[in-house]
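Notes follow the structure.
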Amino acid sequence: PETTMNDRYLEFTNSSLGKTIAGMIGLPTPPRLRRADAPWAVQPLEGRFVLIGAAAGATLAAPLLRAMAGAGAGLRIVSENSGLAQIKAAAATLKLNLQGNPDTEAGESRNHALVFDASGLRSPSQLRELYDFIQPQVRAIARNGRVLLVSRAPESIDDVNARTAATALRGFIRPLGKEVGKNGTTANLIEVPDGADD
């Protein structure tokens, strides 16, 4: 069957000899994907860390933090983030603990996911806040990790500049997905209409 062939190829290219041969002749080396043990888990992120960021003026920090904490994730932040005030305020309201970003060289666990609340983007120039959050962190995501951007649905935004920024996220997420996909990581964009925050 075809799945057996795919499994053999995966096993071969992930062996030390297979990696060498595949690299020499230019064959791709697919990542070994982490699969769930059951169709549903109460806390699928239990024991994993999620790095949360936001644009200045973000409005979805509270539902995001609630969802991540409810899934069992440890919540981490970076001190240089422009939307840190919104994240801290939401965490205080929800009585959630936030940790600093890990020092992976000191042996601390890598982040399983990067989550960015882009709902506060009001102009294309503000997209730099997203880049400044993602770029330094993207290489440090654990294998089979996740990158998630959450924004307002462009169709529900009246301001032309804010709508342009929200629409630009669609173009940002596609190449990011290709870049991080090499280690089994996925990148997704969720567009939230007004009134659908929870």
With clusters defined by side-chain heavy atoms of hydrophobic residues (ILVMFWY) lying less than 4.5 Å apart, directly or transitively, does [Y] cluster with [X]?
{"X": "L45", "Y": "I190", "value": "yes"}
{"X": "V78", "Y": "Y131", "value": "no"}
{"X": "L51", "Y": "L130", "value": "yes"}
{"X": "V147", "Y": "L127", "value": "yes"}
{"X": "V115", "Y": "L75", "value": "yes"}

Which is it for L114 and I52 under the side-chain contact (heavy atoms from CB on, under 4.5 Å) test, yes or no, and what are the steps along the way? CA-CA 6 Å; L114 303 179; I52 305 279; over 6 Å; no
Could you pull out the closest heavy-atom pair between [X] and [Y], with the gap in Å?
{"X": "S82", "Y": "A54", "answer": "OG-O, 3.5 Å"}
{"X": "A90", "Y": "L65", "answer": "CB-CD1, 3.7 Å"}
{"X": "G177", "Y": "A187", "answer": "CA-CB, 3.6 Å"}
{"X": "A165", "Y": "P124", "answer": "CB-N, 4.0 Å"}
{"X": "Q126", "Y": "A55", "answer": "NE2-CB, 4.2 Å"}
{"X": "S156", "Y": "P193", "answer": "OG-CA, 4.2 Å"}

Within a radius of less than 6.0 Å around CZ of R174, do more than 12 heavy atoms belonging to other residues, nucleotides or ligands occur?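 For R174, atom CZ is not crowded (no more than 12 foreign heavy atoms under 6.0 Å).
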With side-chain contact (heavy atoms from CB on, under 4.5 Å) as the test, would you mind laying out the steps for F133 and E80 before giving the verdict? CA-CA 8 Å; F133 175 76; E80 309 84 45; over 6 Å; no
Partner of V192 by side chain to side chain contact (heavy atoms under 4.5 Å, CB included), out of D117, L60, L64, T59: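 Per the side chain to side chain contact (heavy atoms under 4.5 Å, CB included) rule, the option paired with V192 is L60, out of D117, L60, L64, T59.
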Scan L148, L149, L176 and name whichever one has a side chain to side chain contact (heavy atoms under 4.5 Å, CB included) with L189.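 With L189 as partner, L148, L149, L176 yield a single side chain to side chain contact (heavy atoms under 4.5 Å, CB included), made by L149.
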Could you check whether any side-chain N or O of R122 sits under 3.5 Å from a backbone N or O of A162, counting only pairs where one atom can act as donor and the other as acceptor?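 No, the answer is negative, given that no donor and acceptor are paired below the 3.5 Å cut-off.
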In the structure I gave you, are the side-chain heavy atoms of [X] and [Y] within less than 4.5 Å of one another anywhere?
{"X": "Q99", "Y": "F49", "answer": "yes"}
{"X": "R170", "Y": "P154", "answer": "yes"}
{"X": "I77", "Y": "K88", "answer": "yes"}

Working to the nearest 0.5 Å, report the span between [atom1] of [X] and [atom2] of [Y].
{"X": "I25", "Y": "L27", "atom1": "CD1", "atom2": "CG", "result": "4.0 Å"}
{"X": "D132", "Y": "F116", "atom1": "CG", "atom2": "CZ", "result": "9.0 Å"}
{"X": "L169", "Y": "T164", "atom1": "CG", "atom2": "OG1", "result": "11.0 Å"}
{"X": "S125", "Y": "N161", "atom1": "OG", "atom2": "CG", "result": "8.0 Å"}
{"X": "L17", "Y": "N14", "atom1": "CG", "atom2": "CG", "result": "12.5 Å"}
{"X": "L96", "Y": "I87", "atom1": "CG", "atom2": "CD1", "result": "12.0 Å"}

Would you please test T13 and K19 for side-chain contact (heavy atoms from CB on, under 4.5 Å) and show each step? CA-CA 5 Å; T13 56; K19 281 182 186 177; 5.9 Å; no
Ion pair present between R152 and D194, side-chain N to carboxylate O less than 4.0 angstrom?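 So R152 pairs with D194 through a salt bridge.
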NZ/NE/NH1/NH2 to OD/OE distance under 4.0 Å, R139 and E179: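 Salt bridge: yes.
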Is a donor from one side chain sitting under 3.5 angstrom from an acceptor on the other, for N111 and R76?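 Yes, side-chain donor-acceptor contact under 3.5 Å.
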Going by atom types only, do S151 and E191 share a side-chain donor-acceptor pair under 3.5 Å?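 No.
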Residues N144, T185; criterion side-chain contact (heavy atoms from CB on, under 4.5 Å); working and verdict: CA-CA 4 Å; N144 294 295; T185 296; 5.8 Å; no
